[in-house]
Amino acid sequence: MPEGPSILILREETERFAGQRILRVEGNSKVDLQRLQGQRVKALRSWGKHFLIELEDVVVRIHLLLFGSYRIDERKDAAPRLSLGFANGELNFYGCSVQFLQPPLSEHYDWRCDTLADDWDAELALTKLQAMPATLACDAILDQQVFAGAGNIFKNEVLFRIRVHPLSPLGALPAGKLKELVSEVRQYAFDFLAWKKAFVLKQHWQAHRQSRCPRCAIPLSKAKLGRTQRQSYYCEQCQRRYA
DNA sequence: TGGTTTGTTGCAGC
DNA sequence: AGCTGCAACAAACC
């Protein structure tokens with residue numbers, strides 16, 4: 001489910017609850033859900049992998065983590081972590097993290113870092129990457145402070161596209177390659193979004209969870225790399241290891 | 001069938 | 001004090 005584009009889809013699917021009042025609240029979240037009762041939804045937003053419900057005096061931050069899920073106007077068998085009832089439908093979240101944030105949102109989020117936002121700032125991302133030369137390429141793409149919304153699929157697909165080995169330190173990349181990394185993360189966010197909406201995301205994977213390189217046909221390498229130790233899929237032949 | 005995984009946090013231990 | 005590594009969460013997918 002939950003890389004940035006999936007959360008943007010969630011936001012679009014829940015747009016009709018904007019302006020609605022919360023008539024019913026329940027759930028097994030540890031935060032005090034009852035304070036949400038009766039509040040009006042000012043806006044539904046997303047920042048990276050965060051889904052945000054902006055209310056009158058608080059913002060509800062939902063993070064689906066790895067296994068979280070949601071249902072609109074239907075329920076699963078499991079107990080909801082958060083269930084919101086409106087006059088025009090209901091919104092249920094399962095297995096997710098729920099937190100309250102104090103407004104204003106601008107004190108918590110910079111939309112220039114959201115890979116899908118209109119305010120995305122490629123120059124800012126580049127500046128941040130230049131300031132972390134020892135960071136490995138595989139870890140850099142997962143850094144939410146630089147690329148909010150990018151996840152493990154992004155990492156594998158972007159590095160394959162730009163033909164960079166995941167263990168390359170950023171400082172070893174030529175300037176043009178670093179720029180390419182930034183622009184491909186942004187590009188892949190929109191490819192992911194379009195493919196996900198069309199239910200064809202997986203069939204476009206070139207590296208992620210693949211067994212052979214689509215360029216040269218040798219078996220892809222699979223290893224948990226970097227500080228994050230997330231699974232990397234990459235081609236030793238096509239992806240250059242800068243050092 | 002069971003191992004893997006689109007992720008993050010908090011805390012123990014150093 | 002600040003770092004690192006791991007458990008926890010919890011469910012679809014191959």
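These numbers come from the heavy atoms of this one structure, side chains and all, not from hydrogens, waters or symmetry mates. Proteins get letters first, then strands, A, B, ... in listed order; numbering begins at 1 in each.
Position along DNA chain C of the nearest nucleotide to A/Cys96 versus A/Arg227 favours A/Arg227 as the more 5'-ward residue. Both A/Arg81 and A/Arg209 lie close to DNA chain C; mapped to their nearest nucleotides by heavy-atom distance, the more 5′-ward contact belongs to A/Arg81.
Taken to the nearest 0.5 Å, the SG atom of A/Cys113 stands 6.0 Å off from the CH2 atom of A/Trp47.
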Reading DNA chain C 5' to 3', how would its secondary structure be written in dot-bracket notation, given Watson-Crick and G-U pairs with both distances under 3.5 Å, brackets [ ] for crossing pairs and | for partners on other strands? .||||||||.||||

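Using a cutoff of 4.0 Å between basic side-chain nitrogens and carboxylate oxygens, A/Arg45 and A/Asp114 are not scored as salt-bridged.
Comparing B/dT6 with C/dG5, their C1' atoms sit 23 Å apart, to the nearest whole Å. Across the P atoms, B/dT4 and C/dC6 are found 16 Å apart, a figure rounded to whole Å.
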For residues 172-185 of chain A, tabulate all N or O donor-acceptor pairs below 3.5 Å that involve a side-chain atom, not counting sequence neighbours.
unit_1   : atom_1 : unit_2   : atom_2 : d
A/Lys177 : NZ     : A/Ile162 : O      : 2.8
A/Lys177 : NZ     : A/Glu180 : OE1    : 3.3
A/Ser183 : OG     : A/Lys179 : O      : 3.3
A/Ser183 : OG     : A/Glu180 : O      : 3.2
A/Glu184 : OE1    : A/Arg161 : NH1    : 3.1

Kindly list each side-chain donor-acceptor pair under 3.5 angstrom involving residues 136-159 of chain A, sequence neighbours excluded, with atom names and distances?
unit_1   : atom_1 : unit_2   : atom_2 : d
A/Asp139 : OD1    : A/Arg227 : N      : 3.2
A/Asp139 : OD1    : A/Thr228 : N      : 3.2
A/Asp139 : OD1    : A/Thr228 : OG1    : 2.8
A/Asp139 : OD2    : A/Arg227 : N      : 2.8
A/Asp143 : OD1    : A/Gln145 : N      : 2.9
A/Gln144 : OE1    : A/Gly149 : N      : 2.9
A/Gln144 : NE2    : A/Leu142 : O      : 3.1
A/Gln144 : NE2    : A/Ala150 : O      : 2.8
A/Asn152 : OD1    : A/Lys155 : NZ     : 2.7
A/Asn152 : ND2    : A/Gln231 : O      : 3.1
A/Lys155 : NZ     : A/Arg230 : O      : 3.3
A/Lys155 : NZ     : A/Gln231 : O      : 3.1
A/Lys155 : NZ     : A/Ser232 : OG     : 3.1
A/Asn156 : OD1    : A/Tyr233 : N      : 3.0
A/Asn156 : ND2    : A/Asn152 : O      : 3.3
A/Asn156 : ND2    : A/His208 : ND1    : 3.0
A/Asn156 : ND2    : A/Gln231 : O      : 3.4
A/Glu157 : OE1    : A/Gln206 : N      : 2.9
A/Glu157 : OE2    : A/Gln206 : N      : 3.2
A/Glu157 : OE2    : A/Ala207 : N      : 2.9
A/Glu157 : OE2    : A/His208 : N      : 2.8

In residues 60-68 of chain A, what donor-acceptor pairs under 3.5 Å come from side-chain atoms, sequence neighbours left out?
unit_1  : atom_1 : unit_2  : atom_2 : d
A/Arg61 : NH2    : A/Ser97 : OG     : 3.3
A/His63 : ND1    : A/Leu65 : N      : 2.9

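Residues that satisfy the side-chain contact (heavy atoms from CB on, under 4.5 Å) test with A/Arg241, not counting sequence neighbours, are A/His165, A/Leu167, A/Ser168. For A/Ser221, the side-chain contact (heavy atoms from CB on, under 4.5 Å) partners two or more places apart in sequence, or in a different chain, are A/Tyr234, A/Glu236. For the side-chain contact (heavy atoms from CB on, under 4.5 Å) test, residues two or more places apart in sequence or in another chain that qualify with A/Gln34 are A/Val25, A/Asp32, A/Gln37. Contacts of A/His204 classified as ring pair (Phe, Tyr, Trp, His ring centres under 6.0 Å), with partners at least two apart in sequence or in another chain: A/Trp195. Taking A/Glu123 as the reference, A/Asp121, A/Leu126 meet the side-chain contact (heavy atoms from CB on, under 4.5 Å) condition, with sequence neighbours excluded.
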Just the atom pairs and distances: protein N or O near nucleotides 7-14 of chain B's N or O, under 3.5 Å.
unit_1 : atom_1 : unit_2   : atom_2 : d
B/dG7  : OP1    : A/Lys49  : NZ     : 2.9
B/dG7  : OP2    : A/Asn152 : N      : 3.1
B/dG7  : OP2    : A/Arg230 : NH1    : 2.7
B/dG7  : OP2    : A/Arg230 : NH2    : 2.6
B/dT8  : OP1    : A/His63  : NE2    : 3.4
B/dT8  : OP2    : A/Lys49  : NZ     : 3.3

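At the heavy-atom level, A/Lys155 lies nowhere under 4.0 Å from the strands shown. Using a 4.0 Å heavy-atom criterion, one finds that A/Gln229 contacts no nucleic acid atom at all. Within 4.0 Å of A/Tyr233, counting heavy atoms only, lie sugar-phosphate atoms of the nucleic acid but no base atom.
In this structure, the CD1 atom of A/Ile141 is 14 Å from the P atom of B/dT6, given to the nearest Å. Between A/Trp205 atom CH2 and B/dT5 atom P there is a gap of 11 Å when expressed in whole angstrom units.
Chain A approaches DNA chain C within less than 4.0 angstrom (heavy atoms of the protein), and the contacting nucleotides run 5' to 3' from C/dA10 to C/dC14.
Judged as a salt bridge (Lys or Arg N to Asp or Glu O under 4.0 Å), the pairs with a partner in residues 90-107 of chain A (not counting sequence neighbours) are, in order, A/Arg24-A/Glu90, A/Arg75-A/Glu90.
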